[in-house]
Amino acid sequence: MKFKKSIYNTLLETRADGKILVFNTASGILSLLDQQTQKLYNEVESIQYEDLDSDSKDRFNKLILASYVVDKDIDEISVIKVRRQIQKYQTDYLNLTIAPTLGCNMACPYCYERKNDYIMNESTQNSIITFVKSIYSSSPFKALNVTWYGGEPLFAKDVLLSLSTKLISICNEMCIDYTSSMITNGTLFDYATAKQLADHHKLKSVQITIDGMKKTHNLRRRLVDNSDSFSKIINNIENVKDFVNIIIRVNVDKSNLNELPIMIDYFLNQLKWGKNPKVYFAPVVDYTSSCKNESSVCITSKDFADLEFDLAKRLYKIDRSAIIERLFPKPITISCGAETKNNYLIDPKGYLYHCWLHIGNQQHRSGHVDSPHRISKEDAKWLLADLNEKCYECKFIPICQGGCAYHRICNNETYHCTRSSFNYKEMLQLACEDYLLHKSE
């Protein structure tokens, strides 16, 4: 058998001891290669595997296992393309994002949704149950994953509880696994509500946004009645964090940059957050053209990547457990569930969408829960979308997969590089230093 170097290898650095730090984006494996292993790696195309001694075979096998070395006949780009198509049409699990209402008790200035106070009725709830059963009858799946969304999903708490009970019941009937998560602003996620959802509705994780310290957050995450949302959210999180996994999202733009170090200190040093709740930072994205204006408060992907690395170093210095896993970019087969078949976003009236950004905008609906087997033009737009060839030629494609599908499909951008494509080398170098410090553990 003949071998070659993987096209997805990236040499990060050559160290003072002669070892090289290598990362393969297809396998997600980071390694330090000593000089003996480097020799095998550099001579890979001329190596006769059968002629290697036992030590060299062991080293070479590790190169193969990490995907640094691959079969010479393998077309790695075609492998990426095939896996992408397989993922689009997988049938092992069904993902539903359900918005029981688009109503919300907040009025955030950067919200992209078309809010209204309509609440899902009993008829639509029953149609969703029929919808799930219909999909299962034609293509049995092993698990149902539900994300409760909005608006603010707890703004229609009774509907959420009712529909959740029905979904769990049919999953039990069909002997399939059921899990749920929720995206909430956190103000209504009090102890009693969280306990009920965790104990009786299989709620595993919750994402809550905090956009700054008290004054800034209350301006950006403004309650309709102008009361103090920051204190309510912090108090609720403190009361429920022992039995619910919580992810804190911080939306970042130029207006709250200066508070980020203060927030890290507050979260990790004062509140002792880190593992749970976990904290991550995300750029505010304007999906129109205004972010391209010099006066925009939005931050470019490249600038945010630099900022994200600085924040990662700050998090690491305070509590390495809060960031260490996220230093490693993970290979994926597709960038977003919006491009897959068994992934549905359901609005309060039962209309189906592919992208979260379109919820409530019926111009972009792909169907309705009453017609589960219909393939619409909107379905075809998302399911048939492919990546630009420039993306397939990029070393980072196994981890980026073309970035946000909305930009490519709806904004007609040829490609949209993720921020991790700009900072992964620095992140991985930090991960290597951490490994060398803690490898005895």
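Computed from a predicted model, the values in this text were never measured in an experiment.
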Lys381 bridged to Glu378 by N-O distance under 4.0 Å: yes

With no hydrogens and no angle check, just 3.5 Å: does a side-chain donor-acceptor pair link Thr184 and Glu152? yes

Is the shortest distance from a Lys or Arg side-chain nitrogen in Asp228 or Lys214 to a carboxylate oxygen in the other one below 4.0 Å? yes

Start with the C-alpha distance between Arg15 and Leu32, add both sets of side-chain angles, then the distance that settles side-chain contact (heavy atoms from CB on, under 4.5 Å), and finish with yes or no. CA-CA 9 Å; Arg15 303 178 69 86; Leu32 277 170; 3.3 Å; yes

Please test Glu13 against Lys425 for salt bridge (charged side-chain N to carboxylate O under 4.0 Å, His left out), starting from the C-alpha separation and ending with a verdict. CA-CA 9 Å; Glu13 67 173 330; Lys425 291 184 178 181; over 6 Å; no

Specify the closest pair of heavy atoms between Ser335 and Cys400, including all atoms of both residues, with the distance to one decimal. CB-O, 3.8 Å

Side-chain donor-acceptor pair present, Lys166, Asn126, cut-off under 3.5 Å: yes

Flag if over 12 foreign heavy atoms under 6.0 Å of NZ, Lys395: yes

So, Thr187 side chain and Ile233 main chain: donor-acceptor pair closer than 3.5 Å or not? no

Using side-chain contact (heavy atoms from CB on, under 4.5 Å), reason through Leu327 and Leu428 one step at a time and then give a plain yes or no. CA-CA 6 Å; Leu327 296 178; Leu428 288 168; 5.9 Å; no

Of Gln429, Arg320, Lys439, which meets side chain to side chain donor-acceptor pair (under 3.5 Å) against Asp434? Arg320

State, without any angle test, whether Asn343 and Thr340 hold a side-chain donor-acceptor pair at a distance under 3.5 Å. no

Taking all heavy atoms of Gly403 and all of Thr418, pick out the closest pair and write down the distance. CA-CG2, 3.7 Å

Within 6.0 angstrom of Lys5 NZ, more than 12 heavy atoms from elsewhere: yes

Is there a donor-acceptor pair under 3.5 Å between the side chain of Ser229 and the backbone N or O of Arg222? no

Classify the side-chain pair Ser227/Lys232 by whether it contains a donor and acceptor separated by less than 3.5 Å. yes

Would you say Arg83 has more than 12 foreign heavy atoms packed within less than 6.0 Å of its CZ? no

Any side-chain donor paired with an acceptor under 3.5 Å for Thr193 and Lys157? yes

Going by side chain to side chain contact (heavy atoms under 4.5 Å, CB included), Ile98 matches just one of Thr147, Leu167, Leu160. Which one? Leu167

Side chains of Asn236 and Asp190, donor plus acceptor under 3.5 Å: no

Provide the closest heavy-atom pair for Ala194 versus Val240 in the form atom of the first, atom of the second, distance. CB-CG1, 3.4 Å

For Arg220, which residues count as a side chain to side chain contact (heavy atoms under 4.5 Å, CB included) partner, sequence neighbours excluded? Tyr110, Asp211, Thr216, Asn251, Asp253, Ser255, Asn256, Val284

Sub-3.5 Å donor-acceptor pair from the side chain of Ser6 to the main-chain atoms of Tyr8, do we have one? yes

Lys88 atom NZ, over 12 foreign heavy atoms within 6.0 Å: yes

Salt-bridge present (Glu433, Lys313; N to O < 4.0 Å): no

If only side-chain N and O atoms count, and only distance matters, is there a donor-acceptor pair under 3.5 Å linking Gln207 with Tyr280? yes

Step through the shown structure and confirm whether more than 12 heavy atoms of other residues, nucleotides or ligands are within 6.0 Å of NZ on Lys330. yes

Any donor and acceptor pair, going by atom type alone, linking the side chain of Arg314 with main-chain N or O of Leu311 inside 3.5 Å? no

Closest non-hydrogen contact found for Val22 with Tyr68 is O-OH, 3.2 Å

Step by step, work out the ring-ring contact (aromatic ring centres under 6.0 Å, His included) result for Tyr344 and Phe131. CA-CA 11 Å; Tyr344 299 91; Phe131 175 74; 5.0 Å; yes

Mind checking ring-ring contact (aromatic ring centres under 6.0 Å, His included) for Tyr89 and listing every partner two or more places apart, or none if nothing turns up? none

Would you tell me whether Ser169 and Asn172 have side-chain atoms, one donor and one acceptor, within less than 3.5 Å of each other? no

When you look at Asp117 and Thr101, which way does the side-chain contact (heavy atoms from CB on, under 4.5 Å) test go after all the steps? CA-CA 7 Å; Asp117 290 340; Thr101 181; 5.6 Å; no

Nearest heavy-atom approach of Pro331 to Gly28 is CG-N, 3.5 Å

Given Tyr351 and His368, is the ring-ring contact (aromatic ring centres under 6.0 Å, His included) satisfied, shown in steps? CA-CA 4 Å; Tyr351 288 108; His368 194 274; 5.0 Å; yes

Whether the Tyr93 and Asn145 side chains hold a donor-acceptor pair (N or O, under 3.5 Å, no angle test) is what I'd like checked. no

For Asp199, side-chain hydrogen bond (donor to acceptor under 3.5 Å, both in side chains) partners two or more places apart: none

Using a distance-only test with no angle check, is there a side-chain donor-acceptor pair under 3.5 angstrom linking Glu308 and Asn423? yes

Asn276 side chain to Lys241 main-chain N or O, any donor-acceptor pair under 3.5 Å? yes

Phe243 six-ring face occupied by Lys195 cation (under 6.0 Å, within 45°): yes

Identify whether NZ of Lys or CZ of Arg in Lys349 sits under 6.0 Å from the centre of the six-membered ring of Tyr118 and within 45° of that ring's axis. yes

Asp386/Lys81 ion pair, N-O < 4.0 Å: no

